[in-house]
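Let me begin by presenting the structure, written as structure tokens, before commenting on it.
Keep in mind the model is a prediction, meaning the values are calculated, not measured. So you know, we letter chains A, B, ... as the sequences are listed, proteins then strands, and number each from 1.
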Amino acid sequence: MMPSMEFLVATGIGWIAACGIWLMLRGRTFPVVLGLTVLGYAVNVFIFAMGRLWSNAPPIVGSGQPIADPLPQALVLTAIVIGFATTGFVIELALRSRYESDTDHVDGKPEDQPGPTT
Amino acid sequence: MMGLLDQLPVMPVLLPSLTAIVLLLIGDHGGGEHNLRKLVLSSHISIVSALIGLVIAIQLMVQASDGDLMVYRMGEWPAPFGIVLVVDRLSAMMLVLTSLVALPVLLYASGGWSGHGRYFHALFQFQLMGLNGAFVTGDLFNLFVFFEVLLIASYVLMMHGLGRERLRVGVHYVVLNLSASALFLIGVALLYALTGTLNMADLALRVPLVTGPDAVVLQVAALLLLVVFGFKAALAPLSVWLPATYAASSAPVAALFAIMTKVGVYAIWRVHGVIFGSSAGASAYLVEPLLLPLAVATAAIGVMGVLAAQTLPRLVAWLTVASVGTILMAVGLFGEAAWSAALYYMAHSTLTVAGLFLLVELVAAQRGEVGGRIESAAAVAQPTMLGLMLLLAAASSVGLPPLPGFIGKLMLLQASIGHGHATLVWSVVLLAGFATLLGLARAGSALFWHVRTDLPSGASGASAPLIAATSMLLAASVAMSVFAAPLQRYTQAAALQLADRKAYADAVLGEQGGADARTTRPYTGDGGAKR
């Protein structure tokens, strides 16, 4: 039996979100930034899916045929733009923090001190 | 044609954003001391803009006090399809509060801090835009956007002045907030999926219609939003980030952030107090079993932090947490009298905490090497004035009459009589007040009495503008006591207005038939034929 589209999208989002959360729990800033980005992708697809899954349905009113909900598409566009900006900022911040504290650990621990490993 | 006065609700958002753009175009002083003219010009523009903002906010509050809901439809799109800005009594009061904090903080920052980094004033205005926008918007997704605006500005402001400690805490602050934003989006998307709207007035009408298994998912969405707003408001157990962040920030930024936690409180109020409040059908009073115990825990953790704090900024930061606990306790009591108390106490604690953040830096600057650490050091240069200011702010935080902290706590205690958890509320509020007294008395005696005479006291006094800015905040707080009666009438009316969801729906959705409006959602994809 073919799995339904809803099942595939839901597991896909779940898997991406799990990867994002795992990466975010790492001790170095780069995996954390990657984790935030990946989690952002999962959230964006989730918002998109909240308008329900339509195929072959343009978001245009008045065409007489089934139409997709345009609002989540508008929302996700906003979320993508904001996510893009914040990712840019957090990368710059991580670099600056690396420069100031000589370590890329999120707690800024010096390399020789025992701390959580990556 | 709309008159100029009809455009007023959008001004608190437009004014700071235009000011910020002008400030960006002017450019900044390049981080050094070589272009002070631009810095002085920037701070003048910024202060004048904040002053105009205060006038606009007061005008809005005067208009709102008549009980009118001012609805501003962006681009004349009818709600719930377009974005609306709604100014009611609560929003107007929050706008005035934001301006009242912003103006003295700007004056203070112009006395030195704004030159310690780049684009301070532009970022400050963007932060004001986000704060004001969050307070006036009538749309949940728009609330998310304004949250992001104020957060992005706050990320940079928090690290204003740079330094290792600020960057270390800053990374935590930014990552935590970005995770919270992801949760916010999930919650908002779920709400939309189940109700088909994000307009707050429309949501309040639609939430009761969601029943059965869908209602459970809807409640999950609402609780996700509680996590997000609770994180911003520093509701326990999500409050651990706050003391480190606020203590690491520069004093004027921390003082401005005193209003930022209140955005979380405000959002909890609007979403969980009103939309998921008394008439939400299957989801009515959703957070009632959670909010009160968590708020009590917040207040308890806050005062323990006050008792344990080793430095002055940390002490004030924990005081912020404790005050948020008290406010949310009042919100969690779900009643007009309690909400009125929450509003009054919120205004008082924001002003006092902001004033304290500035004051402790003035004190720390006069203590030489010891700085903000709570231990004996050389005498400060202005012991009488700073001591009296600290005494005033401390007495108000503790809740001693006749200061506004006392009135706020009294209103809260009176409102809790008859409530099932009245004993808990009374004991926590009174014990927290006592513990705060101990913590602040310990700090105050170490600062002003346990003076070490063997150390040289070469520190000079604080400059007049810095003292004036700090006094303005404390004076505004004391003025709340002088004008307690009209303010109380206003907060009571605001609480009543919040509970009146029908009037809100009629005002916002007027073109759709008011409270009887039924739009075509949740979306079925049939071209909008089903109504």
Side-chain angles (χ1 to χ4, degrees), chain A residues 13 17 20-21 24 29 32-33 35-37 39-52 54 57 59-72 74-76 78-79 81-83 85-87 89-90 93-94 96-109, chain B residues 80-81 83 139-142 144-149 151-153 155-156 158-159 162-179 181-199 217 221 244 520-529:
Chain A
I13 294 172
I21 290 168
M24 266 170 54
T29 45
V32 171
V33 174
L36 279 172
T37 317
L39 184 68
Y41 291 156
V43 170
N44 288 343
V45 181
F46 181 83
I47 300 174
F48 194 71
M50 281 303 108
R52 309 295 190 272
W54 305 95
I60 299 167
V61 180
S63 53
Q65 57 187 19
I67 55 172
D69 191 346
L71 206 104
L75 298 186
V76 84
T78 316
V81 173
I82 291 176
T86 47
T87 307
F89 177 76
V90 79
L93 175 63
R96 183 73 201 221
S97 170
R98 161 84 183 74
Y99 167 77
E100 289 268 340
S101 63
D102 286 330
T103 169
D104 62 349
H105 196 278
V106 284
D107 287 334
K109 283 198 177 79
Chain B
F81 306 106
I83 291 170
D139 182 284
L140 215 50
F141 195 79
N142 203 224
F144 165 77
V145 174
F146 281 123
F147 257 76
E148 289 302 310
V149 171
L151 283 175
I152 293 172
Y155 299 155
V156 191
M158 196 244 126
M159 279 167 270
L162 288 172
R164 199 165 156 164
E165 175 64 10
R166 278 195 193 115
L167 276 164
R168 190 182 72 82
V169 179
V171 170
H172 298 174
Y173 175 67
V174 173
V175 170
L176 284 172
N177 267 301
L178 290 180
S179 326
S181 297
L183 284 182
F184 195 165
L185 281 173
I186 295 175
V188 162
L190 271 176
L191 273 187
Y192 178 77
L194 292 164
T195 60
T197 185
L198 290 173
N199 181 289
V217 184
T520 60
R521 334 269 183 93
Y523 202 72
T524 47
D526 55 4

Under a 4.5 Å cutoff for heavy-atom pairs, which residue among B:L151, B:V174, B:I186, B:V156 has the most contacts with chain A?
B:I186
Side chain, backbone, both or neither: which part of A:L39 has a non-hydrogen atom closer than 4.5 Å to chain B?
side chain
For the pair A:S97 (side chain) and A:L93 (backbone), establish whether a donor and an acceptor sit closer than 3.5 Å, ignoring hydrogens and angles.
no
Is A:R52 reaching over with its side chain to a backbone N or O of B:A193, donor-acceptor style, under 3.5 angstrom?
yes
Toward chain B, the part of A:T29 with a non-hydrogen atom under 4.5 Å
side chain
Measure distances from A:L36 to the heavy atoms of chain B and classify the residue's part below 4.5 Å as side chain, backbone, both or neither.
side chain
In chain order, what residues pass the ring pair (Phe, Tyr, Trp, His ring centres under 6.0 Å) check against A:F48, with sequence neighbours excluded?
none
Does B:F147 reach the side chain of B:S181, with side-chain heavy atoms less than 4.5 Å apart?
no
Taking every non-hydrogen atom, the tightest pair across B:T197 and B:N199
OG1-N, 3.3 Å
Which bit of B:F144 is near chain A, if near means a heavy-atom gap under 4.5 Å: side chain, backbone, both or neither?
side chain
Identify which of B:R166, B:H172, B:E148 forms the greatest number of heavy-atom pairs closer than 4.5 Å to chain A.
B:H172
So which of A:V76, A:T86, A:I21 has the biggest tally of heavy-atom pairs under 4.5 Å with chain B?
A:T86
When only pairs under 4.5 Å are counted, which of A:I82, A:V43, A:I47, A:L75 shares the most heavy-atom pairs with chain B?
A:L75
Could you tell me if the side chain of A:V90 sits less than 4.5 Å from the side chain of A:V32, heavy atoms only?
no
